[in-house]
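Worksheet: the structure to be examined is printed underneath.
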Amino acid sequence: MGLFTSQIDSVQSFVAQHKKSGRLRMLKSNPLVVWPSESSLVLEEETGLELGNPKNGSLYYLLIESERRDVDAGVFLLGPDLGEIETASAPFAQVITASGDFADEYLCYRILRDALYDTKPKGVMTRFMPSRGTIWCRIAREALARDLSLADLGSAISSNLNNIPGVESVQVLFVTSCRSQISPLEKPGEETRRIVGAMVKMNEEMSYDCSGCEYRDVCDTVIELRKYRRELKEKQP
Amino acid sequence: MSHRVIAIAGKGGVGKTSISAILAGELVKQGRCKALIVDADPSGGLGMALGLSVRRSINQLRVDTIQEIKKKTIDDRDLSKQLDFILMDALNEKANLAFIAVGRPEEVGCYCSVNNLLREAIETLSIKFDVTVIDAEAGVEQINRKVVGSVDHLFLVADSSVKAITVAESIDTVFSRINRSGRTDLILNRIESPEQADAIATRTHLNVLGWIPEDSTIRKYDLEERSFFDLPACPAANAVIAIVEKTGILTGIGLQAGPMTANDT
């Protein structure tokens with residue numbers, strides 16, 4: 001069992017369900033054409049497509065687990081790709097699942113999360129709201145004209161995460177179809193944020209008094225968190 | 001193209017906001033660069049002069065963020081991402097220009113990490129634009145708090161009053177202490193004649209870059225609260241553009257002088 005086992009189970013069940021229905025596509029990018037990386041400021045007037053406006057549906061989270069073998073690596077999409085979206089704004093979910101050898105899960109989680117934040121394909125401006133798990137992207141018209149696709153975005157994320165020692169496989173799941181198809185991913189997302197919040201609190205606040213802790217219910221549910229807390233406590237002088 | 005930061009400071013009521021608005025209007029008109037316009041004056045007149053509403057001020061963002069992190073535990077990297085998000089969401093955009101106001105400070109306790117990360121987020125955001133124009137608060141206080149620490153060029157504005165020149169000199173003293181690489185120049189505003197400008201120049205050690213004539217068009221736009229984006233070519237606007245162009249600070253960014261300059265007359 002890992003910290004996010006239950007959430008990974010939920011996401012993989014979502015993936016399996018939509019694979020079975022034939023609506024989930026696996027995206028392949030051309031390995032010979034790597035989309036350039038550059039931090040971009042995309043103003044409204046240059047925006048060709050907006051993804052993840054919270055009014056339309058927006059969600060992102062990262063899951064990691066050691067030795068998780070049942071997660072298919074690759075970039076998967078439920079819904080239209082960038083060039084197929086006919087509206088100016090579309091809902092967006094981005095769920096990343098990484099498996100590998102993560103001895104210190106908190107440290108590894110932070111490293112992988114930072115790599116995700118540092119993935120900046122040219123012509124894409126991405127903003128994250130970690131406390132709410134929302135993601136908001138502006139795609140420049142110029143990038144769309146040059147055929148930027150979610151395969152490019154997904155492989156940029158996958159490549160950045162795979163470069164981190166210990167990472168063995170990365171699954172990138174995008175949903176662009178509709179808000180109702182993002183909904184089943186929201187509960188595991190909220191649980192993920194609570195687990196990460198509990199880890200941050202244990203590490204940064206050095207408080208091991210559980211009596212008044214707002215994350216007590218999370219630690220009561222996730223056995224690995226209690227184990228993690230015990231290990232941290234033992235390390236204290 | 002390198003990033004430039006321009007701040008416009010001086011005593012209250014000397015016309016800083018009008019000059020900032022003229023500059024912002026010209027940057028939009030020419031449309032050659034991405035400009036971030038920051039209304040750092042708590043009285044918030046620049047948004048009105050440009051006809052742009054303040055979606056959420058930086059001080060509101062600060063308060064909201066503090067409320068949000070009281071409910072959720074997030075580390076500094078996530079907090080900085082959070083600030084990037086809300087800062088971008090707070091920008092009011094018009095063509096190649098984005099506008100944000102600092103707003104009035106609302107104290108909700110000491111949250112140094114939020115304050116520091118917010119300052120960093122603004123700097124990070126600012127760097128992505130070709131030019132940042134800051135309409136500073138009246139007086140020396142904001143300069144003292146290093147709000148304009150990364151400014152490349154500080155334009156001090158004064159009218160013909162002795163007090164306005166004294167305030168400009170005080171700001172220059174503080175600015176040169178905290179920002180050794182930035183340049184400072186004085187712009188004289190609402191001047192009646194070249195002789196009056198020359199007479200003022202002899203009373204100050206500051207470098208007088210140019211002067212802007214009293215202009216009824218500016219007064220009319222102010223009184224009628226009309227957007228300076230719609231300001232027609234007029235002597236004051238032409239003078240502002242010519243003065244800024246003279247510094248070369250926007251060379252390569254694309255600002256070019258208007259057809260006529262008051263200072264050349």
Side-chain angles (χ1 to χ4, degrees), chain A residues 38-47 50 52-55 58 60-62 106-107 109-120 125-138 140 190 192-207 213-215 218-219, chain B residues 1 3 27-29 31-37 52 55-56 61 64-100 113-114 117 120-132 229:
Chain A
E38 184 184 291
S39 178
S40 307
L41 172 72
V42 182
L43 294 179
E44 268 170 18
E45 69 160 1
E46 306 165 280
T47 304
E50 180 192 52
N53 186 317
K55 286 177 201 157
S58 177
Y60 87 94
Y61 49 97
L62 167 69
Y106 179 60
L107 180 68
Y109 190 89
R110 284 165 56 117
I111 293 170
L112 266 74
R113 176 205 58 183
D114 291 354
L116 171 65
Y117 288 162
D118 293 335
T119 305
K120 293 169 180 171
M125 185 177 76
T126 307
R127 292 285 182 268
F128 298 92
M129 176 75 105
S131 74
R132 295 183 193 169
T134 49
I135 180 171
W136 171 37
C137 298
R138 277 182 184 174
E190 175 58 25
T192 302
R193 286 193 295 283
R194 298 269 295 152
I195 293 168
V196 174
M199 279 200 295
V200 172
K201 185 167 180 176
M202 285 178 202
N203 277 276
E204 301 214 341
E205 295 186 10
M206 301 288 185
S207 164
C213 179
E214 70 272 32
Y215 292 104
V218 190
C219 293
Chain B
M1 190 183 287
H3 167 73
L27 288 166
V28 164
K29 208 178 288 171
R32 296 181 199 170
C33 65
K34 292 181 186 176
L36 175 65
I37 309 296
L52 295 175
R55 293 168 70 148
R56 278 161 94 197
L61 297 182
D64 293 350
T65 305
I66 290 166
Q67 303 301 344
E68 182 97 13
I69 62 168
K70 274 182 179 171
K71 292 181 227 153
K72 306 260 169 129
T73 313
I74 57 176
D75 67 5
D76 275 3
R77 183 77 204 265
D78 272 344
L79 182 54
S80 87
K81 282 285 150 194
Q82 185 114 345
L83 291 167
D84 276 352
F85 186 110
I86 55 175
L87 202 52
M88 201 65 209
D89 191 38
L91 293 179
N92 192 343
E93 296 176 39
K94 183 183 171 75
N96 55 323
L97 178 148
F99 169 75
I100 193 160
S113 65
V114 174
L117 288 168
E120 272 174 33
I122 295 165
E123 280 174 11
T124 308
L125 176 70
S126 165
I127 287 165
K128 294 198 177 111
F129 286 83
D130 302 311
V131 59
T132 299
F229 286 128

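In the text below, chain A, chain B and the rest are named by the order of the sequence lines, each starting its count at 1.
More than 12 heavy atoms of other shown residues, nucleotides or ligands fall within 6.0 angstrom of atom CZ in B/R55.
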*Just do the side chain to side chain contact (heavy atoms under 4.5 Å, CB included) check on B/D75 and A/R113 with the steps written out, would you?*
CA-CA 12 Å; B/D75 67 5; A/R113 176 205 58 183; 2.7 Å; yes
*asked:* Could you walk me through whether A/M125 and B/K128 satisfy the side chain to side chain contact (heavy atoms under 4.5 Å, CB included) test, starting with their C-alpha distance in whole Å, then the side-chain angles of each, then the deciding distance to 0.1 Å, before giving a yes or no?
replied: CA-CA 11 Å; A/M125 185 177 76; B/K128 294 198 177 111; over 6 Å; no
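Residue with the most contacts toward chain B among A/S40, A/S39, A/P130: A/P130 (heavy-atom pairs, distance under 4.5 Å). Ranking A/G197, A/A198, A/S131 against chain B, the residue ahead of the rest is A/S131, based on heavy-atom pairs under 4.5 Å.
In this structure, NZ in B/K81 is found 9.0 Å from CG in A/L116, a value given to the nearest 0.5 Å. Rounding to the nearest 0.5 angstrom, the gap separating the CZ atom in B/R77 from the CZ atom in A/R110 is 10.0 Å. The NZ atom of B/K94 sits 10.5 Å away from the CD atom of A/E45 when rounded to the nearest 0.5 Å.
Of the atoms belonging to B/L91, not a single heavy atom falls under 4.5 Å from chain A. If you measure heavy-atom distances from A/T126 to chain B, you find no contacts under 4.5 Å at all.
Applying the side-chain contact (heavy atoms from CB on, under 4.5 Å) test between A/R127 and each of B/D84, B/D89, B/I86, B/L83 identifies B/D84 as the sole match.
The main-chain N or O of A/L41 is found under 3.5 Å from a side-chain atom of B/K34 such that the two form a donor-acceptor pair.
No side-chain heavy atom of B/D78 sits less than 4.5 Å from a side-chain heavy atom of A/F128.
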